[in-house]
Amino acid sequence: MRNHTPVTTFILLGLTDDPQINTFIFIILFVTYTFSIVGNLTIIILTFVDAHLKTAMYYFLRNLSFIEMSFTSSCIPRFLYSIATGDRTITYNGCACQVFLTDLFGIADFFLLATMSYDRYVAICKPLHYTTIMNPLTCKKLLSGCWVITLLLLLPPLGYGLTLEFCNSEIDHFVCDAKPLLKISCSDSEFLENMVLFSASFLLFVTLSFAIWSYGRIIRTILGFPSAQQKKKAFSTCSSHFIVVSITYGSCMFIYIKPSAKDEMAINKGITVFATSTIPMLNPLIYTLRNKQVKKALNDFVKQRLLWGPQRYHGG
């Protein structure tokens with residue numbers, strides 16, 4: 001038997017050791033993170049206070065904003081702290097918590113996007129029955145289903161991963177993630193690697209297949225509309241979601257499905273930065289700029305707050 005000292009602290013190597021590049025990365029990530037939080041929080045507030053944003057679509061959009069905001073918050077602030085202070089250490093418990101949170105919100109994001117695809121399918125293909133099918137109880141059941149399936153996919157590999165022993169404390173990444181952790185494990189991790197690969201493949205295959213099926217039916221229905229104006233209006237109601245789905249799947253499929261060689265780690269880290277910082281910022285921008293109801297709700301909200309303050313001041 002060999003002596004083994006359990007690893008209690010990991011070192012996140014980050015993206016680069018160059019101070020100037022790190023300064024540039026810090027500025028970019030700080031800006032994108034700030035816009036992400038402000039944008040997603042704005043959507044959450046608008047869907048709560050505006051009476052016109054009470055349909056199923058905006059119920060799911062509010063939850064998507066919450067997931068995106070939580071997802072980026074589970075890793076970007078810690079990375080910004082590391083760049084600012086130079087402290088790259090993270091405790092074992094902190095690393096395990098980060099893996100859990102990033103995977104939890106990341107997996108839930110895919111299932112919610114698939115659910116939103118179904119919502120758009122009902123809205124376009126069965127408009128007369130939309131409010132009946134997508135009633136509040138159904139929306140809550142669909143959302144609960146997303147979280148339940150997420151936990152069922154996440155907990156088995158996570159629980160098994162907590163039993164791993166590590167021969168090295170240096171993680172070649174800016175965030176605690178399954179792949180770089182498995183690289184420094186001295187335990188037999190083949191079974192866990194297969195579990196992670198199966199879970200990721202199942203997740204992407206099922207959700208993407210459902211999204212493709214939904215949009216296939218949507219496109220076929222829209223093409224059958226008699227007038228060009230009807231087609232344009234129908235496409236505009238689902239274009240924002242389609243763009244978000246395309247960006248999300250396009251980036252994450254490369255990270256979790258494509259086998260990663262050692263010389264490809266830098267590329268994977270770059271895509272992970274994009275997925276964890278830029279995509280959560282883009283989502284509220286896409287939905288706000290391409291959705292007339294959201295833009296109107298935002299304008300009304302800003303006008304009411306700007307006018308209400310002076311009125312109250314003069315009234316007092």
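Owing to the predicted nature of the structure, the values given are computational and were not obtained by experimental measurement.
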*Apply side-chain hydrogen bond (donor to acceptor under 3.5 Å, both in side chains) to Glu68 and Asn40, showing your working.*
CA-CA 8 Å; Glu68 295 287 5; Asn40 285 293; over 6 Å; no
*Arg78/Ser82 under side-chain hydrogen bond (donor to acceptor under 3.5 Å, both in side chains): CA gap, chis, key distance, verdict*: CA-CA 6 Å; Arg78 180 63 182 80; Ser82 296; 2.5 Å; yes
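Scanning all heavy atoms of the two residues, the minimum distance from Glu193 to Leu182 falls at CG-CD1, 3.4 Å. Arg217 and Cys125 make their closest contact through O-SG, 3.6 Å (heavy atoms, listed as atom of the first residue, atom of the second, distance). Here the closest heavy-atom approach between residue Phe71 and residue Ala275 is recorded as CE2-O, 3.5 Å. Across Ser199 and Pro157, no two heavy atoms sit closer than the pair OG-CG, 4.3 Å. Taking both residues in full, the closest heavy atoms of Leu204 and Phe110 are given as CD2-CE2, 3.4 Å, listed atom of the first, atom of the second, then distance. For the residue pair Cys139 and Met134, the shortest heavy atom distance occurs at SG-O, 3.8 Å.
Contact annotation: the side chain of Phe66 never approaches that of Arg62 to less than 4.5 Å [non-hydrogen atoms, C-beta and beyond]. Using a 4.5 Å cut-off on side-chain heavy atoms (C-beta onward), Val175 and Phe79 make no contact. Taking 4.5 Å as the limit, some side-chain heavy atom of Phe60 sits within range of a side-chain heavy atom of Leu142. Looking at heavy atoms from C-beta onward, Val196 lies out of side-chain contact with Tyr160 at the 4.5 angstrom threshold. The closest side-chain heavy-atom distance from Cys95 to Leu181 is below 4.5 Å. Side-chain contact between Leu143 and Leu112 is present, with heavy atoms from C-beta onward closer than 4.5 Å. By the 4.5 Å heavy-atom criterion applied to side chains, Thr32 and Phe35 are not counted as neighbours.
Taken to the nearest 0.5 Å, the CG atom of Leu282 stands 10.5 Å off from the CD1 atom of Ile243. To the nearest 0.5 Å, the span separating CG on Leu153 from CG on Leu158 amounts to 12.5 Å.
In terms of hydrophobic clustering, with Ile, Leu, Val, Met, Phe, Trp and Tyr side chains grouped at heavy-atom distances under 4.5 Å, Ile76 and Ile21 are assigned to a common cluster. Linking Ile, Leu, Val, Met, Phe, Trp and Tyr whenever their side-chain heavy atoms come within less than 4.5 Å leaves Phe274 and Phe24 in two separate clusters.
The side chain to side chain donor-acceptor pair (under 3.5 Å) search around Tyr121 returns none, not counting sequence neighbours.
None of Thr207, Leu64, Ile67, Leu208 except one satisfies the side-chain contact (heavy atoms from CB on, under 4.5 Å) rule with Leu113; the exception is Leu64.
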